[in-house]
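Before any comments, here is the structure.
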Amino acid sequence: SDSEDDDVGFDRTLALEGATDELACATCLRIPESATALSCGHVFCEAHVARRLQRTGVCPKCGVSAEMKDLDDAIRQSLARVVFQCINRDCTTRCSILDLRKHAAECPSGVVACPLEGCPAAQLARKDLQAHMESCAYRSVECPRCENKYTAGRISAHLAACASPKIGKPLSSVTPDEEQVCVDELAQEHDSDEHRVPESPFDQCAIAGQPAETVASLTRDLSVLSLELAACRNRLRTVTQRAVVRLASTQIVEETALDIIPYGQFIFSIMEDGEVLLSRIAPAGVRSTLLGGRFRNVHCLAMTRHALVAGSPSGALRVWANNGPDSPGERELHLRYVMSAIVADDAPIMHVSLTETGILWACTASSVQVFRLVISEGDLKMMATATLPARFHDACVAGDALVGVLHQRDLIVVSAMGDVSQFSPHPDRAAYCAYAKGNALYCGARDGGLLCFRVRGGKTYVPAGSTISRVQDTCVSLAANDVGLLAAAHISGQIALYFVEDLDAPSCLHVISSTDGIVGVAFLEDGTLVHQGTRLHMWR
């Protein structure tokens, strides 16, 4: 993405012009910001290949002995001609790769947080920050009566109880007429939709005809209680939103990964050098280990109760049978290697998806291939069923079909037999990623919003609700649990948590901020939320 760490580079699918396969890092498939080349001619992100070359001495792409060398002038000039459009909403600036990060740091449409202490506003356009601070409920306001300072959100409740120097003496010693003047002033100052002072109770209760001092005292008490109740309601709303999640553990694994795949209480992390890290998250702690062996040079992975499939940058699919218990409470891994097959000559497998019924989709930069895994004579076999010319930016399994995001806008549904249907999720909003759970399909949009669909008969997708997120930048990953909570990871490193039990009215409950960037988000079997950036994090 255009805003990730220096050693990650830029997503070439977001480039407007100049991005070619020859310029992409052969490890992460992104356009390098700090590029280097090997003696074999392959281009890499400098940070990616330096560690790998120091450890193995061979090129991660072709496997021959290699050493680092300076970039050719032709490649350097080609990199300088790669043009991206600013990812910030409402910004149409086009930048070369050399100027992109500098522009992002100064862009008026860039996302910034309010610097006032206690303010939860973390998704403001840089150009709107000054106006927000001038009206922010957390700005400091001086009481005109006692000259003490309070936040703007609390000044109303304070004024209702503060002795007014306008009268010149404390409320306990004023006459009934002067007291009524004070109450009238407070009503004028605080009569708003959010903090409305009750009307006089003369015509509403049995105190009509009571002495003036009694009525004034009751009116004042009602004014104070009304304002305090409104302030408490606002504080309770804030506390409730912040209490949706609590941090259980940070920095599980300090390694950068390209993607994460959950299975029960396990997390497969695909590392930037193509190795696979397996982490088991349990109450007693987290155990992680590099799998090694045939789990090297992996670019994508899919896991079900019966099989694991890994795709490689060289176009090969590797298949393992999983003979572990399939009870939800006893998920274990007993992987047995079965086979390997080249399905795309020298074309990286960008994405693999696998259903519990054995339907397998393998996506490359130019095609989608459909396979069926079958058990024959006690062993797994892979049978090809269809090949389609399509390039998916993201894809997910929905029932026995694959839903892919085409050209970062439309959705393509591919059945197990290769039948295809296409639809646009929204007339004005472009889809960027997709995720299916039960009979619901969710799409993350380029503007950060969420689109919901009902799945009927496994073939029909009926639009339900949609919302504009408080995080108004590209949504890159989605995950949902069994109790109606959906996590949407954004390119800025933030996670918006939605309650989606009612598909027609999804609501954003909370926003988690991460300084490590985010490439993937997932829920484990026990409801734990994990996300991967430069480190793996866990939330409960």
Side-chain angles (χ1 to χ4, degrees), residues 248-249 252-255 257-312 316-341 349 351-362 371-382 396-397 437 477 479-482 519-532 535-538 540:
S249 174
I252 297 176
V253 180
E254 191 169 359
E255 288 286 350
L258 302 178
D259 198 7
I260 55 174
I261 297 89
Y263 177 73
Q265 290 303 111
F266 295 93
I267 287 288
F268 292 90
S269 298
I270 301 176
M271 315 310 291
E272 57 185 10
D273 60 2
E275 297 193 3
V276 177
L277 183 75
L278 178 64
S279 301
R280 179 170 185 168
I281 300 175
V286 179
R287 291 182 298 169
S288 299
T289 182
L290 282 172
L291 296 181
R294 292 187 173 92
F295 281 98
R296 293 190 175 95
N297 202 27
V298 171
H299 190 262
C300 52
L301 186 147
M303 177 79 198
T304 68
R305 291 178 297 172
H306 305 296
L308 182 150
V309 177
S312 75
L317 286 178
R318 303 171 195 150
V319 181
W320 287 260
N322 181 26
N323 299 321
D326 59 8
S327 170
E330 300 180 5
R331 291 279 172 91
E332 294 291 344
L333 292 176
H334 296 292
L335 298 175
R336 177 175 56 84
Y337 180 72
V338 175
M339 61 175 295
S340 176
I349 307 295
H351 180 87
V352 289
S353 294
L354 181 64
T355 70
E356 294 290 349
T357 57
I359 308 301
L360 169 65
W361 292 270
F371 302 90
R372 182 180 293 275
L373 296 180
V374 297
I375 299 177
S376 176
E377 298 179 356
D379 215 341
L380 278 173
K381 293 186 178 180
M382 188 169 69
C396 69
V397 170
K437 180 77 173 179
S477 179
N481 64 12
D482 295 326
V519 296
V521 63
F523 279 103
L524 300 185
E525 200 166 59
D526 67 351
T528 298
L529 175 66
V530 295
H531 71 82
Q532 175 75 60
R535 293 177 291 184
L536 184 66
H537 289 256
M538 174 175 70
R540 283 202 177 97

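Hydrogens, waters and symmetry mates play no part in the numbers below; they use all other heavy atoms, side chains included. Residues: numbered from 1 along the sequence shown.
Within the 3.5 Å criterion, the main-chain N or O of Glu525 finds a donor-acceptor partner in the side chain of Gln265. Formation of a donor-acceptor pair under 3.5 Å by the His299 side chain with backbone atoms of Gly311 is not found in this model. At least one donor-acceptor pair under 3.5 Å links the side chain of Asn322 to the backbone N or O of Arg305.
With rounding to the nearest 0.5 Å, the separation of OG1 in Thr357 from NE2 in His306 is 9.0 Å. Rounded to the nearest 0.5 Å, atoms OG (Ser288) and CZ (Arg280) are 12.0 Å apart. From Ser312, atom OG reaches atom CD1 of Ile349 across 6.5 Å, with rounding to the nearest 0.5 Å. To the nearest 0.5 Å, the span separating CG on Leu335 from CG on Leu308 amounts to 5.5 Å.
With a 4.5 Å cut-off on side-chain heavy atoms, Leu290 and Arg296 do not count as touching. Val530 places none of its side-chain heavy atoms less than 4.5 Å from the side chain of Val521. For the pair Ser279 and Arg287, the minimum side-chain heavy-atom distance is 4.5 Å or more. At a threshold of 4.5 Å between non-hydrogen side-chain atoms, the residues Leu333 and Phe268 count as touching. Contact of the Val309 side chain with the Leu373 side chain is registered, since non-hydrogen atoms from C-beta on lie closer than 4.5 Å. Within the 4.5 Å cutoff, the side chain of Thr355 has heavy atoms near those of the Trp361 side chain. Between Met339 and Arg318, the closest side-chain pair of non-hydrogen atoms is not below 4.5 Å.
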Verdict with reasoning, Val397 to Leu354, per side-chain contact (heavy atoms from CB on, under 4.5 Å)
CA-CA 7 Å; Val397 170; Leu354 181 64; over 6 Å; no
Item to check | Stepwise side-chain contact (heavy atoms from CB on, under 4.5 Å) check, Val276 with Met271 | outcome: CA-CA 6 Å; Val276 177; Met271 315 310 291; over 6 Å; no
Given side-chain contact (heavy atoms from CB on, under 4.5 Å), test Ile261 with Tyr263 step by step and report yes or no. CA-CA 7 Å; Ile261 297 89; Tyr263 177 73; 5.9 Å; no
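Between Leu524 and Pro262, the shortest heavy-atom distance links the atoms CD2-CB, 4.1 Å. Of all heavy-atom pairs spanning Ala362 and Leu317, the tightest one is CB-CD1, 4.0 Å. Ser477 and Gly520 get closest at one heavy-atom pair: OG-CA, 3.7 Å.
Under the 4.0 Å criterion applied to side-chain N and carboxylate O atoms, Asp482 and Lys437 are assigned as salt-bridge partners.
Ring geometry for Phe295 versus Trp320: interplanar angle under 30°, hence parallel rather than tilted (30 to 60°).
Remark: Asn481 pairs with Val483, Leu485, Phe523 by the side-chain contact (heavy atoms from CB on, under 4.5 Å) rule, at least two apart or across chains. Listed by chain and number, the residues in a side chain to side chain donor-acceptor pair (under 3.5 Å) with Thr304 amount to none (sequence neighbours excluded).
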